[in-house]
*Asks:* 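The structure follows.
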Amino acid sequence: MFLLGGESKVDGNRNGYVIVTAALPYANGEIHLGHVTSTYLPADIFSRYLKLKGRKVLYISGTDDHGTPILIQAEKEGIPPEELVRKWLSRDIEDFSKLGIEFSIFYKTHSPENIELTQRFFENIYKKGFIFKQEIEQWYCGNCKRFLPDRYVVGTCPFCGAENQYSDGCEVCGRAFPSYMIKEPKCIVCGSTPFLKESIHYFFKLSSFSDQLRGWLVSNSNLQPEVRNYVLKWIEDGLKDWDITRDISWGVPIPLNEKDAEGKVLYGWFDNHLGYIAFTYKYFRDHMGEEVDTRKIWNSSVIYHFIGKDIVYHHYLFLPAMRMAEGSFKLPDYLPTRGHLLLQNEKFSKSKGWYISLRNFLEIFPPDYLRFYLALTTPYSQKDVNFDWDDFQLKLNNELIANIGNFIHRVLTFTYSYFEGIVPEPSEMEELDLKFVDDLKQAVRDVGELMDEIKLDKALKRILDFSTSCNRYFQSSEPWGKRDKGKTCIYLSINAVRTLSILLWPFIPFTIEKLWNTLNIPKSFRNSSLISWSSVSELKIKPGHKINKPSVLFKRMDKEIMEQKEKFKKKH
RNA sequence: AGCGGGGUGGGGAAGUCAGGUUAUCCCGCGGGGCUCAUAACCCCGAGGUCGGUGGUUCAAAUCCACCCCCCGCUACCA
């Protein structure tokens, strides 16, 4: 019996682990803003939020190492695939850490842990009779001496005659078709003409799981309705059994002692789905020793798999069906799915240079600027997100700097120059002050609810609304015009700054940690009640507390943005 | 071709599932205020027949039907 996810709410199981995973980046290229937008940033913001709430959170990901593209790339570079994936693993870790993406573990599918788990997994579902063999015909390049995946064969569309189309579909007429139908096929690597060749492959009986999958999709109320409907439609149309082997050497060997299994490996999507579990094993072995029962922990955790919409099929059909077939690992409770990133309203294209790598971006802009902008513009839905330089500039200048930055800075400098940095004793609260305290409490409640629902963009908007009301309060209180220099206003405002800092930490951690230094909240206090979700709406900063000399948290970057705008002007 | 998502004042978005007083927010625009703050902040105002047509209802951006337009996805692309 498999363990159905979906009933666990994050607050329902307060002592257990929360396992947050981010879909694995393929280990043959650099991380770009698209990866970050749909997957790694939302997952990071969310796990930071859970940490503030005092939850035991594991944030898990790693590289997806296997498959033909990596093999070919390694050949091109003249290095073994092991070396290629090792290179990308360390590159990815560097890039992510510069953005403040804090994984508990970022590991790799080409690891003993994952290979072992994958083989065991295969054996288990093989024994249960969910694997069968079938002969298939595939394009084979005689020159490269290998079978070619569909995307490694180009040719002429059998329907509209458009040239240079991938063998599984035509971008010109929009039709999808079986690969063998393509006219005048060419190997994308060497250009020679491939031929169709037979090979025995192993298939997973995905179709047997239609009812169970439907049941899971319908009963798991945590899934996004639009994605659920999308996947249900596929089940209605009939699921095809899934070819889970490939005729290459790079991957997890099929753990069977028979001739048909020789020279073949398991398909990358078979082993990378198990990476989440294998990496969790690795984490516990490293941190708690061999005797930890990871399976038990896994099954008693609340599980979130963050993904981009391009891999919905794999995560809503293949992954759950595999776990159902094997039967001992729980399904995800949540599968937060987000859309793609467009650049100036056009699709990213590496070959056309129309994309932004994370590394290049962070060479120019501070990580928090990117985190803020993307978090604010990426909804909890499959809708695509547009990265637009004008919009980036506007949002930074008007929302981050002029709203949040301004409030924090005006409060801190006021305190510093009129009270020598010492938080004043408040006088009796007036109606305006009491109302502000209510506003603060309401804001915290709203933000918490939205964060729990993973609606991170709306949560951030709500924080901005709160910041606006902070500015409004400060403005109407006019502390500068009062004889006592508005002691109550400053006391409440400083506390509002602390509240804001906690609300904002998951989004812009670098800046907030700087701010905590200015607020004179020592590092040792940062896991205490001073910095935690449970105290976020309290007035924790007491009169007499001394703050440090404030400095500007955000600087405007109009010149740098202008340069980028020039660079990404219409090229066509 | 099929399926999914969307079309809301000049630009970008929220609201639509659970229909209801002057349709919300940011930018931009016009006017005013404040001076603590990174020309930042606060207030007031102009501007929308909520893609089209028809229907249900006392009442529709919101529900139903049909149509138009835009975007995305379609399993061996990881």
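Residue numbering restarts at 1 for every chain, and letters A, B, ... go by the order of the sequence lines. What you see is a predicted model; the values in this text were computed from it and never measured.
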*Asks:* Nucleotides 70-72 of chain B: which of its N/O atoms have a protein N/O under 3.5 Å away?
*Replies:*
from  : atom 1 : to       : atom 2 : distance (Å)
B:G72 : O2'    : A:Lys309 : NZ     : 2.7

*Asks:* What integer distance in Å separates A:Leu460:CG from B:C25:P?
*Replies:*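 Those two atoms, CG and P, are 18 Å apart.
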*Asks:* Across the strands shown, which category fits A:Thr68 at heavy-atom distances under 4.0 angstrom: base, sugar-phosphate, nothing?
*Replies:*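 Nothing, no nucleic acid heavy atom in range.
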*Asks:* With rounding to the closest Å, how many angstrom separate the C1' atoms on B:G10 and B:G52?
*Replies:*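 The answer is 22 Å between these two C1' atoms.
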*Asks:* In terms of heavy-atom contacts, does CD of A:Glu430 have more than 12 from other residues, nucleotides or ligands at under 6.0 Å?
*Replies:*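 Counting neighbours around CD of A:Glu430, 12 or fewer heavy atoms of other residues, nucleotides or ligands fall under 6.0 Å, so no.
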*Asks:* Show me the pairs that pass salt bridge (Lys or Arg N to Asp or Glu O under 4.0 Å) and involve residues 368-382 of chain A, at least two apart or across chains.
*Replies:*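 Listed once each, the pairs are A:Asp44-A:Arg371.
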*Asks:* Scan A:Phe554 against the nucleic acid and name what it touches under 4.0 Å (heavy atoms): base, sugar-phosphate only, or nothing.
*Replies:*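 The residue A:Phe554 makes base contact.
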*Asks:* Using a cut-off of 4.0 Å on non-hydrogen atoms, how would the nucleic acid contact of A:Ile70 be classed: base, sugar-phosphate, or nothing?
*Replies:*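 Nothing, no heavy atom under 4.0 Å.
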*Asks:* Counting any heavy atom closer than 4.0 Å, what does A:Gly238 reach on the DNA or RNA strands: base, sugar-phosphate only, or nothing?
*Replies:*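 The answer is base, as A:Gly238 lies within the cut-off (heavy atoms under 4.0 Å) of a base atom.
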*Asks:* Taking only the C1' atom of each, what is the distance from B:G33 to B:G15 in whole angstrom?
*Replies:*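 Looking at atom C1' only, B:G33 and B:G15 are 32 Å apart.
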*Asks:* When you measure from every atom of RNA chain B, which of residues 28-40 of chain A have a heavy atom less than 4.0 Å away?
*Replies:*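 Here the set is empty: none.
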*Asks:* Check side chain to side chain donor-acceptor pair (under 3.5 Å) between A:Ser357 and all other residues, then give those that pass, not counting sequence neighbours.
*Replies:*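 Partners of A:Ser357 under the side chain to side chain donor-acceptor pair (under 3.5 Å) test: A:Asn360.
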*Asks:* Residues in side chain to side chain donor-acceptor pair (under 3.5 Å) with A:His315, at least two apart?
*Replies:*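 By the side chain to side chain donor-acceptor pair (under 3.5 Å) rule, A:His315 matches A:Tyr276.
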*Asks:* Convert the base pairs of RNA chain B into dot-bracket notation, remembering that pairs crossing earlier ones are written with [ ] and that bases paired across to another strand are shown as |; include only Watson-Crick or G-U pairs under 3.5 Å.
*Replies:* ((((((((.[[[[.)....(...]]]].(((((.......))))).....[[[[[..)....]]]]])))))))....
*Asks:* Return the 5'-most residue of the pair A:Leu239, A:Tyr26 with respect to RNA chain B, ranking by each residue's nearest nucleotide.
*Replies:*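 It is A:Leu239, whose closest nucleotide lies nearer the 5' terminus.
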*Asks:* Between B:C36 atom P and A:Ile547 atom CD1, what is the distance in whole Å?
*Replies:*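 About 17 Å, once rounded to whole Å.
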*Asks:* Taking only the C1' atom of each, what is the distance from B:A13 to B:A61 in whole angstrom?
*Replies:*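 These two C1' atoms come out 15 Å apart once rounded.
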*Asks:* Got a sec? Which of residues 400-417 of chain A come in under 4.0 Å of RNA chain B, heavy atoms?
*Replies:*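 Heavy-atom contacts with RNA chain B come from A:Ile401, A:Ala402, A:Asn406, A:His409, A:Arg410, A:Thr413, A:Phe414.
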*Asks:* A:Asn403 and side-chain contact (heavy atoms from CB on, under 4.5 Å): which single residue from A:Asp465, A:Asn471, A:Asn398 fits?
*Replies:*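 The side-chain contact (heavy atoms from CB on, under 4.5 Å) with A:Asn403 is passed solely by A:Asn471 among A:Asp465, A:Asn471, A:Asn398.
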*Asks:* By the 4.0 Å heavy-atom rule, please label A:Arg472 as base, sugar-phosphate, or nothing.
*Replies:*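 Sugar-phosphate, backbone atoms only, no base.
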*Asks:* With a 4.0 Å cut-off on heavy atoms, is A:His314 in touch with a base, just the backbone sugar-phosphate, or nothing at all?
*Replies:*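 Sugar-phosphate only.
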*Asks:* With sequence neighbours excluded, what pairs up with A:Tyr416 under the side chain to side chain donor-acceptor pair (under 3.5 Å) test?
*Replies:*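 Listed in chain order: nothing, the list is empty.
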*Asks:* Atom NZ of A:Lys487 and atom P of B:C36: how far apart are they, to the nearest Å?
*Replies:*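 It is 19 Å, rounded to the nearest whole Å.
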*Asks:* May I ask you to decide whether A:Asp247 forms a salt bridge with A:Arg146, counting only side-chain N to carboxylate O separations under 4.0 Å?
*Replies:*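 Looking at A:Asp247 and A:Arg146, the cut-off is not met.
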*Asks:* List the residues meeting side chain to side chain donor-acceptor pair (under 3.5 Å) with A:Tyr40, not counting sequence neighbours, and say none if there are none.
*Replies:*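 So A:Tyr40 forms no side chain to side chain donor-acceptor pair (under 3.5 Å) with any residue.
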*Asks:* Between A:Phe436 (CZ) and B:C42 (P), how many Å, whole number?
*Replies:*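 So the two atoms are 13 Å apart, to the nearest Å.
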*Asks:* Counting neighbours of NZ on A:Lys435 that are heavy atoms of other residues, nucleotides or ligands and sit closer than 6.0 Å, is the number greater than 12?
*Replies:*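 For A:Lys435, atom NZ is not crowded (no more than 12 foreign heavy atoms under 6.0 Å).
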*Asks:* Which pairs pass salt bridge (Lys or Arg N to Asp or Glu O under 4.0 Å) with one or both residues in residues 372-397 of chain A, sequence neighbours excluded?
*Replies:*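 Matches after skipping sequence neighbours: A:Lys309-A:Asp384, A:Asp390-A:Lys565, A:Asp391-A:Lys395.
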*Asks:* Would you please confirm or rule out a distance under 4.0 Å between OP1 or OP2 of B:U74 and any side-chain N or O of A:Tyr313?
*Replies:*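 Looking at the OP1 and OP2 atoms of B:U74, neither is under 4.0 Å from any side-chain N or O of A:Tyr313.
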*Asks:* What's touching nucleotides 27-35 of chain B from the protein side, N or O pairs under 3.5 Å?
*Replies:*
from  : atom 1 : to       : atom 2 : distance (Å)
B:G33 : N2     : A:Gln475 : NE2    : 3.0

*Asks:* Say we look at B:C17 and B:G5: how far apart would their C1' atoms be, to the nearest angstrom?
*Replies:*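 B:C17 and B:G5 have their C1' atoms separated by 15 Å.
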*Asks:* Rounding to a whole Å, what distance do you find between A:Lys555:NZ and B:A40:P?
*Replies:*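 Computing the A:Lys555:NZ to B:A40:P distance gives 17 Å.
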*Asks:* So which protein nitrogen or oxygen atoms get under 3.5 Å of nucleotides 13-15 of chain B's nitrogens or oxygens?
*Replies:*
from  : atom 1 : to       : atom 2 : distance (Å)
B:A14 : OP2    : A:Lys383 : NZ     : 3.4
B:G15 : OP1    : A:Lys458 : NZ     : 2.7

*Asks:* What nucleotide, of B:A75, B:U38, B:C42, holds the atom closest to the side chain of A:Arg556?
*Replies:*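 Nucleotide nearest to A:Arg556's side chain: B:U38.
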